[in-house]
Amino acid sequence: MNNTDIRYLTLLSQEYPTAEAAASEIVRLSALRTLPKGTEYFFSDLHGEYDSFSRLLRSASGMIRAKIDLVFEKSLSSAERSALAELIYTPEAILKELNQTGRIDTEWRSLTLYRLILVSEAVSAKYTRAEVRKKMPGAFRDIFDELLNVTDDVDREYYWTELISSILSTGVADDFIAALCALIRSLTVDRLHIIGDVFDRGPRADRIMDELSAFEHVDFEWGNHDVSWMGAASGNPALIANVIRIALSYNSYDVLEDGYGLNLRPLSVFAAEVYGNDPCSLFYPHTLDDVVYDSVEHSLTAKMHKAVTVIQLKLEGQLLKAHPEYGLDARRVFERADFRSGCALIGGKSYPMRDTNFPTVDPDDPLRLTDGEAELMRILASSFHHSLKLNEHIRLLFAKGSMYRTVNGNLLYHGCIPMNEDGSLCAVSVPDPETGGSIALSGKALLDALDTLARTAYFGSYGSPEQTAARDYMWVLWCGPDSPLYGKDKNAFFERTFLSDDEVKEERYAPYYRLSKEEEFCGRLLSEFGLDPERGHIVNGHVPVLRAEGQSPVRAGGKLFVIDGGISKAYRTKTGIAGYTLIYDSHSLRLAEHTPEETTPSVSVVEKMPRRVNVADTDYGAELLLRIDELRALLSAYRRGVIKERSARLGLT
């Protein structure tokens, strides 16, 4: 044993000061490895739909109702089981309604407590007592512990009856019911994987992030819409304009103003002054949700939308002009428009523009911001920089997020892996912080480098060459053709906004989306990321599955799951459904298909495990095994006298 090992074991002894403590922890961790694995839930493309996501999370995508059916199928009617499920999902709202309408009494409370105890017992069965106790709400932790751990020599029914009677007599029954419901929800969902695009389109991405921040085991695989907000928070002016533009186009004032406290007043004043006589008919917002906190007339929103659109196009043009190494010269479409004739030149062809009123554009210098636009952007950038809530959420995305993740044999990423037409990995040139130049990378190495770049953009020394290069590149991650988060040949934002020709608006998907339908191809990708090509799976989102047209989320012989099914209202008319949840428990992989009506989802088994998966078979189980090995080394050091037990050092033995 070398000196480094001894130093590490000495540090470990601070946590386990005696041989008995080390041995006890070895036994506990060994027992934990024998238990069934916790249930993992995979969501993608939430796009700010807080209400829908909260419903999916609280219902565990239908799995809580399935557990209720298992426990009470022969003793409760379907209506009674549904009512119990709804209570577990939203106990505070249900209890308030029942109390207000006089439909709640001592008998109802007693019966409901008994039923909830049975459900709690069922969902806690595969956890150790210590794990369950960690998830228990603090105020009632000791009572919960007693309820769920009645010993065999005690009459359980009598014990429960007496305990319930005591709860009722003390007047805390409603609080206890709500706490039991929270415990059930917590025990049903062990780990959450959010595979990109929490932000944009929907009204309350901030509330989704608040909910997820309270969840212990959650990870994010960044989507291009997430990276757009991350880049905006890093100070990229084009992305600041971009996230405001998208929010305005979907009437999402609540997330901007109430959620993040971003000051849009200067934009409204600027837009009203500059575009006061312009109907801005191309810029009226999609109204999928009502504004709750500060409604704005759609006519003013349209003016604000146009104002920030023009600013964004100027800023994007400046960015591309400054970075010819991006290879995106063809996307410098705004500066090449003929603003005198009202035509845009794209691919050598001239197209008439649907809107030709550009009072802030100098035809001889189209990319120059006016003094008013420059001052407006300074104010908006300051608002992003000083938003405590926004930066708290961005830091959470960095702390628990990444470009991709490998977990329990599965590969998770939002969009795609850049590929050549022949199926080989495509080398992409990205900024190299070490040299200040560029480096060509592909596959896993590319995603690792992009992960580092994103972190440099936000955490790097502001204004340094490294931070500036990384911050600028966040725009490429948002919508560049070689971005793993985007995966199309172009972002036809300008064409969709100002041109009528459908052909010029077309965005062609990268080769990945054709190749990924092949099982052998997916196996090679799994190998690239160090996973078993036979047993592993790829899970991503980004491209909505058009269920209404017969598309399936299960592809490549079950190797690939695409789980963007339209949680976002903006996509539901295309998909025909309201999202997917992939569920991986100890028995199987299941796919839940959700309806816009939020009825019980259709859940199907897509792969049954050859045997029940235990904690020992997971990444967490591997971590526990390493810990056990370390503790065995510590135990050996204690017994050989290499390290002395703390009680002995204190003269207590």
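Fair warning: this is a prediction, and the values are worked out from it, not measured in the lab.
- Taking CE of Met474 as the start and CG of Leu453 as the end, the distance is 9.0 Å to the nearest 0.5 Å.
- For the residue pair Asn410 / His537, a side-chain donor-acceptor distance below 3.5 Å is found, with atom types taken as modelled.
- Other residues, nucleotides and ligands place more than 12 heavy atoms under 6.0 Å from the CG atom of Leu626.
- In terms of modelled atom types and a separation under 3.5 Å, the side chain of Ser52 and the main chain of Glu49 share no donor-acceptor contact.
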Salt bridge (charged side-chain N to carboxylate O under 4.0 Å, His left out) between Arg405 and Glu221, worked out: CA-CA 7 Å; Arg405 187 174 302 271; Glu221 290 67 55; 3.0 Å; yes
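- Taking the six-membered ring where tryptophan is involved, the planes of His393 and Tyr260 are perpendicular, since the angle between them exceeds 60° and thus also 30°.
- The number of heavy-atom neighbours closer than 6.0 Å to CZ of Arg33, taken from other residues, nucleotides and ligands shown, is above 12.
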Salt bridge (charged side-chain N to carboxylate O under 4.0 Å, His left out) between Lys444 and Asp448, intermediate numbers included: CA-CA 6 Å; Lys444 181 179 181 297; Asp448 287 336; 3.0 Å; yes
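- Ile417 CD1 to Arg524 CZ: the interatomic distance, rounded to the nearest 0.5 Å, is 12.5 Å.
- In this structure, the side chain of Gln467 engages the main chain of Ala457 through a donor-acceptor pair within 3.5 Å.
- Looking only at side-chain heavy atoms (C-beta outward), Leu446 and Pro418 come within less than 4.5 Å of each other.
- Annotation: Arg612, atom CZ; neighbour count of heavy atoms from other residues, nucleotides and ligands within 6.0 Å is above 12.
- Ring orientation note: the planes of Tyr404 and Phe529 are nearly perpendicular, at an angle over 60° on the 30°/60° scale.
- Here the CG-CD1 distance, from Asp219 to Ile195, works out to 8.0 Å after rounding to the nearest 0.5 Å.
- The aromatic rings of Phe43 and Tyr41 lie parallel to each other, their planes meeting at an angle below 30°, with 60° marking the opposite boundary.
- With values rounded to the nearest 0.5 angstrom, Asp619 atom CG is found 6.5 Å from Thr406 atom OG1.
- Across all non-hydrogen atoms, the minimal contact from Asp206 to Val255 is OD1-CG2, 3.5 Å.
- With hydrogens and angles left out, the side-chain atoms of Ser54 and Asp51 include no donor and acceptor closer than 3.5 Å.
- The number of heavy-atom neighbours closer than 6.0 Å to CZ of Arg627, taken from other residues, nucleotides and ligands shown, is above 12.
- The closest donor-acceptor contact from the side chain of Ser234 to the backbone of Met230 lies under 3.5 Å.
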Arg133 and Asp142: CA distance, side-chain angles, deciding distance, salt bridge (charged side-chain N to carboxylate O under 4.0 Å, His left out) verdict: CA-CA 9 Å; Arg133 188 173 173 82; Asp142 291 338; 2.8 Å; yes
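- Between the side chain of Thr112 and the backbone N or O of Arg109, no donor-acceptor pair lies under 3.5 Å.
- Checked by atom type, the side-chain pair Lys400/Ser213 shows no donor-acceptor distance below 3.5 Å.
- Using modelled atom types and a 3.5 Å distance limit, the side chains of His217 and Asp190 yield no donor-acceptor pair.
- Between Glu392 and Arg395, none of the side-chain N atoms (NZ, or NE/NH1/NH2) sits under 4.0 Å from a carboxylate O, so this pair counts as no salt bridge.
- In this structure, the side chain of Asp197 does not engage the main chain of Leu46 through any donor-acceptor pair within 3.5 Å.
- Between the side chains of Ser636 and Arg632, no donor-acceptor pair of N or O atoms lies under 3.5 Å.
- Taking the six-membered ring for Trp and thresholds of 30 and 60 degrees, Phe384 and Trp229 have ring planes inclined between 30 and 60 degrees apart.
- Other residues, nucleotides and ligands contribute at most 12 non-hydrogen atoms within 6.0 Å of the CD atom of Glu20.
- Contact annotation: the side chain of Leu116 approaches that of Cys181 to within less than 4.5 Å [non-hydrogen atoms, C-beta and beyond].
- In the model, His193 has a side-chain atom that pairs as donor or acceptor with a side-chain atom of Glu40 under 3.5 Å.
- The cationic group of Arg471 lies under 6.0 Å from the six-membered ring centre of Tyr462 and within 45° of the ring axis, placing it in a cation-pi geometry.
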Pair Asp617-Lys37, salt bridge (charged side-chain N to carboxylate O under 4.0 Å, His left out): steps then yes or no: CA-CA 8 Å; Asp617 303 311; Lys37 73 175 286 294; over 6 Å; no
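- Side chains of Asn391 and Tyr458: a donor on one and an acceptor on the other come within 3.5 Å.
- Using a 4.5 Å heavy-atom cutoff, the side chains of Asn614 and Leu35 are not in contact.
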